2 protein chains.
Amino acid sequence: MNLDNKRLRRFIENTADLMEEQGFPRMAGRVIGALMICTSPHLSHEELAEQLQASKGSISMTTQLLMRLSIVERISLPGHRRHYYRLREQLWNDLLSTRSEHILQHLSLVDDGLALLKTEPIEAKMRLIELQVFSDFILESLPEMAKRWEQRRPELMKKRLAQLS
Amino acid sequence: MNLDNKRLRRFIENTADLMEEQGFPRMAGRVIGALMICTSPHLSHEELAEQLQASKGSISMTTQLLMRLSIVERISLPGHRRHYYRLREQLWNDLLSTRSEHILQHLSLVDDGLALLKTEPIEAKMRLIELQVFSDFILESLPEMAKRWEQRRPELMKKRLAQLS
DNA sequence: CAATGTGTTCAGTCAAGACTGAAATGTGTG
DNA sequence: CACACATTTCAGTCTTGACTGAACACATTG
């Protein structure tokens with residue numbers, strides 16, 4: 001194993017660490033890492049199994065999970081039997097909208113809590129109201145942020161690309 | 001167990017579900033739930049153990065974790081031997097700033113990746129650059145968001161408090 | 001400085017779930 | 001339709017880590 005290969009593995013394991021913190025299985029993090037760092041536009045099922053030293057069964061489980069979460073997508077190439085996988089485009093942009101669903105969950109939980117405290121004095125409710133108001137704020141900020149992202153993207157992109165030379 | 005007690009438990013378990021999704025131990029979610037819904041300003045070690053039907057050891061472990069993460073704080077009341085716990089004030093506000101640290105981690109990982117792809121054509125790098133630029137955007141947006149939150153909070157607060165009547 | 005009330009630590013138990021590997025199923029090709 | 005190649009499924013293994021409970025440590029009070 002040469003030096004770059006070693007760094008490659010470390011990159012993939014670091015990605016796995018990061019995703020594990022977010023509650024994903026390590027293998028899912030590895031697949032994401034491999035698809036981020038690969039030089040070709042996609043990797044086959046077999047290539048993933050080989051590069052990550054994992055069983056084909058495990059890769060199958062993991063890609064199913066990641067497809068269900070709209071993180072990777074499967075591609076079939078004409079004339080090839082194999083399945084190929086790549087990271088979904090627009091993956092990062094979508095983060096802004098999927099956050100909204102989580103926050104709506106939060107809010108519904110907080111509503112339940114406030115219902116429970118209905119007859120209690122206002123002081124007891126304040127903790128929940130603070131959270132409710134903060135969630136309101138995030139919820140109303142997200143669409144605006146998405147709009148600003150579209151505006152800002154080209155400029156930031158240009159700046160980063162200039163740094164590569 | 002009366003009806004409200006049942007709803008109380010459900011609230012706490014729902015909180016645990018939500019926190020578990022974020023990678024916390026269930027017990028940590030339960031403690032947070034109990035501290036959110038309690039009518040007194042704080043709960044003692046023993047009250048937590050009793051209400052959550054957990055061992056004192058488990059509560060000790062969990063409160064340590066939550067204090068390390070600056071989620072709860074411990075209070076000692078003069079004339080009382082017991083320890084009391086409550087949710088940190090400003091907890092939600094802090095979310096905006098702690099996010100930044102996570103994103104800096106992301107960015108450093110992406111930099112590693114780009115270093116690995118140094119000699120590769122631009123197409124191979126695009127996936128990582130997209131992520132880098134998106135992280136840049138979030139990073140520059142967060143302080144601005146925190147500022148807007150301070151401005152917006154009083155108004156949203158007033159609106160929510162009006163709904164309680 | 002005991003005695004009593006609290007909290008922490010840690011070894012052991014238990015459950016959840018990630019991963020493997022082989023059998024079953026699917027899919028495209030001659 | 002049969003064959004070969006690919007993927008999925010699933011039962012079993014193994015690891016991880018949450019939780020318990022009892023022994024230990026600490027602190028407050030008389």
Side-chain angles (χ1 to χ4, degrees), chain A residues 9 12-35 40 42-69 71-86, chain B residues 9 12-35 40 42-69 71-86:
Chain A
R9 284 188 183 222
I12 288 175
E13 285 311 310
N14 286 343
T15 309
D17 289 343
L18 218 66
M19 296 310 290
E20 196 175 29
E21 279 177 27
Q22 313 289 321
F24 284 79
R26 277 194 82 71
M27 192 61 76
R30 288 199 197 99
V31 167
I32 291 171
L35 291 174
S40 62
H42 37 61
L43 292 176
S44 72
H45 195 117
E46 199 179 26
E47 283 169 332
L48 281 169
E50 189 186 1
Q51 178 169 10
L52 304 179
Q53 314 230 58
S55 69
K56 288 184 171 189
S58 178
I59 299 296
S60 178
M61 295 286 215
T62 303
T63 49
Q64 266 177 18
L65 171 69
L66 292 176
M67 285 191 293
R68 218 178 312 127
L69 297 175
I71 291 173
V72 310
E73 55 191 356
R74 171 146 63 193
I75 303 166
S76 294
L77 298 178
H80 290 249
R81 290 184 178 183
R82 295 182 177 180
H83 291 168
Y84 295 86
Y85 299 95
R86 70 173 175 207
Chain B
R9 286 189 181 219
I12 289 174
E13 286 311 310
N14 286 343
T15 309
D17 288 342
L18 218 66
M19 296 311 289
E20 197 175 29
E21 278 178 28
Q22 313 290 320
F24 285 79
R26 278 194 82 72
M27 192 61 77
R30 288 198 197 100
V31 167
I32 291 172
L35 291 174
S40 63
H42 37 61
L43 293 175
S44 72
H45 196 117
E46 198 180 27
E47 283 169 331
L48 281 170
E50 190 187 359
Q51 178 169 12
L52 304 180
Q53 314 231 56
S55 69
K56 286 184 173 188
S58 178
I59 299 296
S60 179
M61 296 284 215
T62 303
T63 49
Q64 266 178 18
L65 170 71
L66 292 176
M67 285 191 293
R68 219 178 311 127
L69 297 175
I71 291 173
V72 310
E73 56 191 356
R74 171 145 66 193
I75 303 166
S76 294
L77 297 179
H80 291 248
R81 292 183 174 184
R82 297 184 176 179
H83 291 167
Y84 295 87
Y85 300 96
R86 70 173 175 207

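The chains referred to below are lettered A, B, ... by the order of the sequence lines, with proteins before strands, and numbering in each begins at 1. If you're wondering where the values come from, they're calculated on a predicted model, not measured in any experiment.
- Under a 3.5 Å cut-off, the side chain of A/His45 and the backbone N or O of A/Arg82 do not form any donor-acceptor pair.
- Close approach of DNA chain C to chain A, defined as any atom under 4.0 Å from a non-hydrogen atom of the protein, starts and stops at C/dA18 to C/dT29.
- The ring pair (Phe, Tyr, Trp, His ring centres under 6.0 Å) test applied to B/His42 returns B/Tyr84, not counting sequence neighbours.
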Provide a list of protein-nucleic acid N or O atom pairs under 3.5 angstrom, restricted to nucleotides 5-7 of chain D.
from: D/dC5; atom 1: O4'; to: A/Arg81; atom 2: NH1; distance (Å): 2.9
from: D/dA6; atom 1: OP1; to: A/Arg82; atom 2: NE; distance (Å): 3.3
from: D/dT7; atom 1: OP1; to: A/His83; atom 2: N; distance (Å): 2.6

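- Heavy-atom minimum distance, B/Gly29 versus B/Thr15: O-CG2, 3.5 Å.
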Output side-chain donor-acceptor pairs under 3.5 Å for residues 20-28 of chain A, partner residues at least two apart or in another chain, one line each.
from: A/Glu20; atom 1: OE1; to: A/Arg26; atom 2: NH1; distance (Å): 2.7
from: A/Arg26; atom 1: NH1; to: A/Asp17; atom 2: OD1; distance (Å): 3.0
from: A/Arg26; atom 1: NH2; to: A/Glu13; atom 2: OE1; distance (Å): 2.7
from: A/Arg26; atom 1: NH2; to: A/Asp17; atom 2: OD1; distance (Å): 3.1

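- Here CD of B/Gln64 is found 9.5 Å from OG1 of B/Thr62. Values are rounded to the nearest 0.5 Å.
- B/Gln51 has its side chain within reach of B/Ile12: a pair of non-hydrogen atoms, C-beta onward, lies under 4.5 Å apart.
- Computed from C1' positions of five pairs at each end, the angle between the two local axes of the helix from C/dC1-D/dG30 to C/dG30-D/dC1 equals 20°, rounded to 10 degrees.
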Please determine whether side chain to side chain contact (heavy atoms under 4.5 Å, CB included) holds for the pair A/Ser44 and A/His83, giving the CA-CA distance in whole Å, both sets of side-chain angles, and the decisive distance to 0.1 Å. CA-CA 6 Å; A/Ser44 72; A/His83 291 168; over 6 Å; no
Item to complete: Might you work through the side chain to side chain contact (heavy atoms under 4.5 Å, CB included) test for A/Arg74 and A/Thr63, ending with a clear yes or no?
Response: CA-CA 9 Å; A/Arg74 171 146 63 193; A/Thr63 49; 5.6 Å; no
task = Assess whether side chain to side chain contact (heavy atoms under 4.5 Å, CB included) is satisfied between A/Gln53 and A/Arg30, documenting all intermediate values.
result = CA-CA 10 Å; A/Gln53 314 230 58; A/Arg30 288 199 197 99; over 6 Å; no
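- The structure places OG of A/Ser58 at 10.5 Å from CG of A/Leu48, a figure rounded to the nearest 0.5 Å.
- Between A/Tyr85 and A/Val72, the shortest heavy-atom distance links the atoms CD2-CG2, 4.4 Å.
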Polar atom pairs (N or O), protein with nucleotides 14-19 of chain D, under 3.5 Å:
from: D/dC19; atom 1: OP1; to: B/Met27; atom 2: N; distance (Å): 3.4

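- Both A/Gly57 and A/Gly79 lie close to DNA chain C; mapped to their nearest nucleotides by heavy-atom distance, the more 5′-ward contact belongs to A/Gly57.
- Taking every heavy atom of both residues into account, B/Ala34 and B/Leu52 meet most closely at CB-CD2, 4.2 Å.
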